[in-house]
Amino acid sequence: EKRLTESAFDGESDYEDDEEWGELIEDLQQLLKEQASRVRNALTPDSKDLEFSPSPDQLWKALSEDRRYAVPKTLLVQFDDDVIDQCSKLARVLHDTNSSNVHFARLRGAHLTPVSV
C-alpha cells in the first residue's frame, strides 16, 4: 500500500514537472520570438528612413531657384565607373547660377569607392 501511495505521488509529481517544463519552454519560445523581432526591427529600417532629405527634386530646385549655394569654389569628384553620377548636371546648375568656380576630379572606381583627402 505504501508503494502505491508513493507511486501515485511520483506520477503526480512527474505531471507537475512536465507542466513546469512545458511552461518554461513556452516562456523561452516567447522570449526568443521577442528578441528575434527586436533584431529584425533593428536591422530592417523603415523605408521612410532610407529616403534622402531633401529629396533629389527638392535639392535641384533649391540649387537652381533659391540660389542659396554661394561657395566660391566647388570640387566635383567623378568616378570612371559610376552609373548614377550627376556631376555634369550639378556643374551646369552651378554655372547657371554663377555661384561657383567648378573644378572636376576624375578617379578610378565606382559610386561606393572610398575616398580620403
Inset, instruction - Quick one: name the residues clustered hydrophobically with Leu32, using the 4.5 Å side-chain heavy-atom rule over I, L, V, M, F, W, Y, and just say none if it's on its own. - result: none
Legend entry - Smallest separation among heavy atoms of Ala91 and Val102, with atom names: CB-CG1, 4.1 Å
Legend entry - Heavy-atom pair of closest approach, residues Leu75 and Phe104: CD1-C, 4.1 Å
Out of curiosity, [X] [atom1] to [Y] [atom2], how far, rounded to the nearest 0.5 Å?
X      : Y     : atom1 : atom2 : result
Arg92  : Gln86 : CZ    : CD    : 10.0 Å
Gln58  : Leu63 : CD    : CG    : 12.0 Å
Asp82  : Ile84 : CG    : CD1   : 5.5 Å
Asn101 : Lys73 : CG    : NZ    : 7.0 Å
His95  : Thr74 : NE2   : OG1   : 13.0 Å
Arg108 : Phe79 : CZ    : CZ    : 12.0 Å

Legend entry - Side chain to side chain, Lys89 and Trp60, heavy atoms closer than 4.5 Å: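 In short, these two side chains touch, coming nearer than 4.5 Å.
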Legend entry - Flag side-chain contact, heavy atom, 4.5 Å: Leu107 against Thr113: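 They are not in side-chain contact.
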In residues 33-42, what donor-acceptor pairs under 3.5 Å come from side-chain atoms, sequence neighbours left out?
unit_1, atom_1, unit_2, atom_2, d
Glu34, OE2, Gln30, NE2, 3.2
Asn41, ND2, Ser37, O, 3.3

Inset, instruction - Following the transitive rule for hydrophobic clusters with a side-chain heavy-atom cut-off under 4.5 Å over Ile, Leu, Val, Met, Phe, Trp and Tyr, establish whether Leu28 and Trp21 coincide in one cluster. - result: yes
